[in-house]
Amino acid sequence: MSANPYLLQRARIDWIVQECGGPRPIRTYTLDPEDSTEHFAFEPGQCVQLSVLGEGESFVAIASGPEQDEPLQVTVMRVGLVTTALHELNIGDFVGLRGPYGNGFPVDRWRGKDLLLIGGGVGQAPLRSLLHHIEANRSEFGRVQVFYGARSPEAMIYREEFAAYEAHRDFDLYLSIDWKWGPDGPLDEDACEGWARVNLSNLRSTRIEQDQVRFTGFVPQIVQAVAPSPQSTIAVTCGPPAMIRRVVEGLEGLGFGPDQIYTTLERRMKCGIGLCGRCNLGPVFVCTEGPVFSYAQLQDLPEAFA
Amino acid sequence: MSLPQVLDRHLRDLFGSGRVNSVLGAIPTRGPLGMAQLARTPEEVERFTLSPLACPNLLVHLTSKEARLDPTRFPLAVLARGCETRMLNQIFSEHGLRRDQVYVVGLAHCPGAIDPRRLSAQLPVLRGFPEATIEGEEVVIREESGELARLARTELVLERCRHCQNHEPLIDDYRFDLVEEADWIEPVSVDEDPGVEAIDAMIPIERWAYWRSQLERCIRCHACRDACPLCYCENCILERHTPCWVKRSVNLPENTAYQLLRVMHLVGRCTACGECERACPVDLPLGLMMRKMENLVREYYGHRSGLDPSGEHLLSIFDPRDTTATARLEQ
Amino acid sequence: MRMLQAKHDIPKLLELMDQDRELFVPVRDEGGGRFARWSDLDLSVNEDIENTLMLAGEATRRPAKDQLFAETATLFRFRLEQGDFHLEEPPPGPSPRVLFGVRPCDGRGFQVIDTLLVGPHGGDTAYQQAREANLLVGVGCKTPGPDCFCTSVGGDPHSSDGLDVLLTDLGDAFLLESITEPGRDWLSGLQKHGVGFLHDAGKRDAERARVAQHEARQRVPRQVDTSRLPKILERSFNSDVWATVAPACIGCGACTFLCPTCRCFDIQDLVQGSRGARVRVWDSCMFREYTQEASGHNPRIRRAQRWRNRFYDKFHWSGDGRGNPACVGCGRCITHCPSGIDLVEMIERVTSAEGGA
Ligand code: SF4
Ligand code: SF4
Ligand code: SF4
Ligand code: SF4
Ligand code: SF4
């Protein structure tokens with residue numbers, strides 16, 4: 001008989017960073033797993049089950065890179081019962097931890113290729129893990145273009161890290177904030193200083209200055225404006241379902257094939273180990289066979305875009 | 001057995017005149033109870049039945065979350081018996097729906113609807129699209145193979161029909177007589193309901209022992225809530241997580257909390273239609289629970305839900321001169 | 001190993017069975033019957049034991065499933081401290097039990113549950129412990145219930161799949177046949193002590209049993225052709241037919257909670273003071289909140305989607321690991337659906353609507 005799969009280890013909260021505020025604040029927690037005397041091993045894109053005992057568990061993507069010297073980090077938005085309880089914990093408190101779960105990004109197959117990382121909101125977390133991995137193994141990958149969008153400059157997460165990337169130009173960076181929409185389209189007065197606007201009537205004709213990093217517009221629009229080439233390129237996108245849908249549409253328009261596009265899916269999860277049933281896409285469980293899927297896989301799976 | 005011609009014609013005309021977008025009725029099934037069906041086109045009306053086997057309370061398909069996800073079904077015509085018009089009144093009075101969203105096809109002279117469990121107890125294997133007709137005090141059950149049985153009507157009808165005081169629609173936009181001449185079962189009097197009297201006769205410790213033995217059997221399938229046309233809160237307290245009022249664990253304390261919350265949310269609203277009891281897969285006596293509650297509301301507040309179309313909903317009435325139970329409690 | 005047990009001596013057999021394993025039996029209750037601990041029952045054993053114990057006629061309304069896959073099962077216990085917690089030693093697994101009078105559909109139901117909760121992802125310990133602790137002694141259905149259609153989904157009123165021992169009703173006696181190794185060990189253990197009322201069965205008895213089993217098969221009241229479903233479902237996920245079968249459904253959990261093969265669950269924490277337990281509780285794919293995400297997004301918000309999911313789970317995505325569907329044809333969801341939705345009728349509808357092209 002197998003060991004009880006629901007058992008968990010204690011993990012101490014070593015550090016907390018408030019990434020953004022608002023009604024759904026986001027925080028990044030640095031965790032020290034008690035039982036993992038060695039490194040807590042995982043692959044970018046994998047998830048863990050975080051417990052606030054007495055409240056329940058939450059299935060979250062790992063936000064830190066998999067390299068030995070990196071501490072384990074998760075980025076959590078306060079939305080439900082467990083995440084709310086988690087936001088009430090302090091440095092030094094303990095959470096429950098089990099995992100890692102899920103499949104992770106197939107990075108081995110991506111070596112030597114150019115990469116597009118397209119993230120939105122808190123969906124950036126697994127992409128950050130991937131980005132850290134790329135950083136640590138920079139020579140193994142080609143050109144890397146990073147798109148990240150949030151509602152507003154204040155709602156952006158990992159701001160310091162992005163600033164560092166911007167300064168060192170390790171990657172081609174495109175940060176964006178959402179349009180504020182009025183009844184007749186975007187509201188001009190809300191366009192921020194220093195955040196260049198894309199040409200809505202013809203996205204592709206937007207002129208992009210050499211070192212322009214900040215844009216106003218929805219992430220899929222920025223991708224269209226930049227129009228990256230599909231040549232030997234893999235695109236990975238994580239974020240709200242509506243954003244993923246538009247990004248994928250756009251990438252297809254740019255000539256990306258279904259096996260060049262990867263995404264992570266979110267579903268309500270309970271067990272995290274393929275037993276409780278709810279995260280199924282037809283016969284496939286997101287928690288075990290996902291959360292990372294290629295668009296080619298998703299096209300064959302029912303309710304993948306529901 | 002399809003609809004009588006005049007009714008069929010009328011329902012089709014409702015589509016034709018653009019008066020409604022859909023008609024809610026019931027269709028026959030292989031088994032002992034009809035099944036709700038939403039007709040979107042005049043042709044679909046053809047399969048409707050008025051058989052007393054069509055017992056499910058259709059109004060749940062007017063108020064459910066599903067209905068709210070699909071506003072295009074309104075305005076909607078519904079085939080409603082007396083009891084269901086009473087419930088419609090209640091729904092209108094609490095602003096669950098607007099009167100102009102619903103075209104009420106009142107089914108008058110209702111002789112009662114058949115309880116599938118009571119029927120199955122007498123005729124277990126009934127799977128050939130059975131038909132039932134009420135002939136006086138008898139119900140004739142037929143299948144394709146011919147007449148199967150003649151059973152006593154009072155033994156077969158739903159519990160709510162044994163208590164029914166509303167055989168005639170309280171409101172309607174069109175009326176159709178189910179039988180030529182009204183011929184009701186003498187209803188159990190509200191003041192002398194033997195089930196409720198038996199509960200009242202118990203001393204508290206016996207009463208709790210009784211309810212406890214029932215609540216212990218609940219499997220928490222939520223059928224009682226889901227079957228109730230008056231349980232339509234967008235954020236049902238029974239499934240909320242933040243905060244979480246009832247845990248899912250199946251045991252006496254949580255089962256009791258679950259049932260108390262459900263019942264308390266129906267105070268002054270429940271019309272004792274008995275759907276919760278009919279839906280319960282393990283036969284908890286929920287109808288009795290609701291009738292007891294209804295009696296208390298009548299005793300304390302002199303109120304009966306849904307009887308007056310222009311009436312107010314009990315819990316929204318405020319009167320400084322109120323001398324009923326709440327007011328007394330506060331003194 | 002085959003043995004014969006006269007019906008009038010059943011009470012003696014029950015007492016004997018209760019000695020080295022805890023005995024659970026199917027009993028009639030106000031809710032249509034369920035399994036209960038023999039020692040908790042206050043049955044006068046001289047009554048019509050066959051009917052009191054629901055060994056004949058319709059099966060218990062609540063399947064034997066809840067004895068192994070409990071509505072509420074503790075996964076582990078914990079103690080809370082300010083900002084911290086500690087797990088507690090797990091309690092020992094269940095003591096050896098015998099479930100007596102399991103119907104063949106329920107026995108086959110466990111095989112379906114096994115495909116998920118025993119493997120392939122490592123499984124669920126609480127279920128596995130219960131599975132190993134329980135010896136399943138089945139009883140064939142001499143007169144199947146009104147909605148049984150087990151023979152249409154690879155079963156039989158005397159199927160021994162998933163059971164350790166099978167009883168066949170021979171009128172005045174039961175024939176007991178061991179199916180598995182543990183079943184045989186148990187039976188020979190009984191024999192040692194049951195001298196005087198448990199007899200070796202002869203060839204004639206086995207012959208009588210085969211006849212009784214054949215006759216019972218003819219009495220299964222409902223049949224439906226499920227052979228074409230795999231092909232049809234392969235291509236019909238986006239068909240309009242799902243909108244036509246589901247509108248009457250009220251999205252309750254009656255069908256799934258009474259189903260011997262449904263196994264979806266939720267996990268919740270129960271806390272009293274500083275002590276708590278993480279429990280596994282039944283859930284249903286027919287509930288809206290089952291897939292409702294904390295953000296409010298719900299990939300299966302419509303009932304039609306949920307009904308389709310259940311149907312696909314029963315007839316396409318899951319199975320018993322032996323090529324049969326994940327529905328064992330017990331008919332409970334048909335008899336007790338408050339909305340009159342008849343699974344057999346729906347199989348027919350789906351097949352006739354989608355079978356052509
Ligand atoms: S309660 Fe009354 S109106 Fe309703 S079905 Fe029964 S007899 Fe008819
Ligand atoms: S319908 Fe019955 S079993 Fe289901 S939750 Fe209600 S009382 Fe409990
Ligand atoms: S009797 Fe039950 S189903 Fe009917 S209104 Fe009252 S609570 Fe709802
Ligand atoms: S029992 Fe019937 S009404 Fe309830 S969820 Fe199942 S199919 Fe729907
Ligand atoms: S789906 Fe229905 S008939 Fe099939 S096993 Fe489950 S309850 Fe029985």
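Letters go in sequence order (proteins before strands), and every chain restarts at 1.
Remark: side-chain polar atoms of T72(C) are paired, donor with acceptor, to backbone N or O of V250(B) under 3.5 angstrom. A donor-acceptor pair under 3.5 Å is formed between the side chain of R61(C) and the backbone N or O of P281(B). Using a distance-only test at 3.5 Å, with no hydrogens or angles considered, a donor-acceptor pair links the side chain of R278(B) to the main chain of P338(C). Judged by distance alone, with hydrogens and angles left aside, the side-chain atoms of E239(B) form no donor-acceptor pair with the main-chain N or O of E289(C) at under 3.5 Å. Within the 3.5 Å criterion, the main-chain N or O of D269(C) finds a donor-acceptor partner in the side chain of K247(B).
Around the CH2 atom of W208(B), the shell of radius 6.0 Å holds more than 12 heavy atoms that belong to other residues, nucleotides or ligands. R77(C) CZ: 12 or fewer foreign heavy atoms inside a 6.0 Å radius. Other residues, nucleotides and ligands place more than 12 heavy atoms under 6.0 Å from the CG atom of D40(C). The environment of CD in Q272(C) is sparse: at most 12 heavy-atom neighbours from other residues, nucleotides or ligands sit within 6.0 Å.
To the nearest 0.5 Å, the span separating CG on D29(C) from CD on E216(B) amounts to 11.5 Å. Distance check: H222(B) NE2 to I250(C) CD1 gives 12.0 Å after rounding to the nearest 0.5 Å. Between atom CD of residue E254(B) and atom CG of residue L270(C) there is a gap of 7.0 Å, rounded to the nearest 0.5 Å. Of the inter-residue distances, the one linking D342(C) atom CG with M35(B) atom CE reads 9.0 Å to the nearest 0.5 angstrom.
Taking chain C as the reference chain and counting heavy-atom pairs below 4.5 Å, the highest number among A223(B), S249(B), P56(B), P116(B) is found for S249(B). Among C337(C), G253(C), C249(C), A304(C), the residue making the largest number of heavy-atom pairs under 4.5 Å with chain B is G253(C). Ranked by heavy-atom pairs under 4.5 Å with chain B, the list E345(C), Q292(C), M286(C) is led by E345(C). Counting heavy-atom pairs closer than 4.5 Å to chain B, the top-ranked of the candidates S339(C), G33(C), G32(C), C255(C) is S339(C). Put simply, of N57(B), L69(B), L38(B), the one with the most heavy-atom pairs under 4.5 Å next to chain C is L69(B). Options R302(C), R332(C), H336(C) differ in how many heavy-atom pairs under 4.5 Å they form with chain B, and the most are formed by R302(C). The candidate from D283(C), T335(C), L258(C) with the greatest count of non-hydrogen atom pairs under 4.5 Å with chain B is D283(C).
With a threshold of 4.5 angstrom between heavy atoms, R222(C) approaches chain B through side-chain atoms but not through N, CA, C or O. For R288(C), the part sitting under 4.5 Å from any heavy atom of chain B is the side chain, from C-beta outward, and nothing else. Only the side chain of R62(C) comes within less than 4.5 Å of a heavy atom of chain B; its backbone N, CA, C and O stay farther away. Within the 4.5 angstrom heavy-atom criterion, no atom of S284(C) approaches chain B. In this structure, chain C has a heavy atom under 4.5 Å from the side chain of I27(B), while its backbone stays farther away.
Residues E71(C) and R217(B) are not paired through a salt bridge, judged by the lack of any N-O separation under 4.0 Å between the basic side chain and the carboxylate. Contact check on R248(B) versus D266(C) returns a salt bridge, with a Lys/Arg side-chain nitrogen under 4.0 Å from an Asp/Glu carboxylate oxygen.
The shortest non-hydrogen separation linking E30(C) to Q214(B) is OE2-NE2, 2.8 Å. Considering every non-hydrogen atom in both D226(B) and F287(C), the closest pair reads OD2-CE2, 4.5 Å. Nearest heavy-atom pair across A248(C) and A36(B) is CB-O, 3.3 Å.
Contact annotation: the side chain of S64(B) approaches that of R303(C) to within less than 4.5 Å [non-hydrogen atoms, C-beta and beyond].
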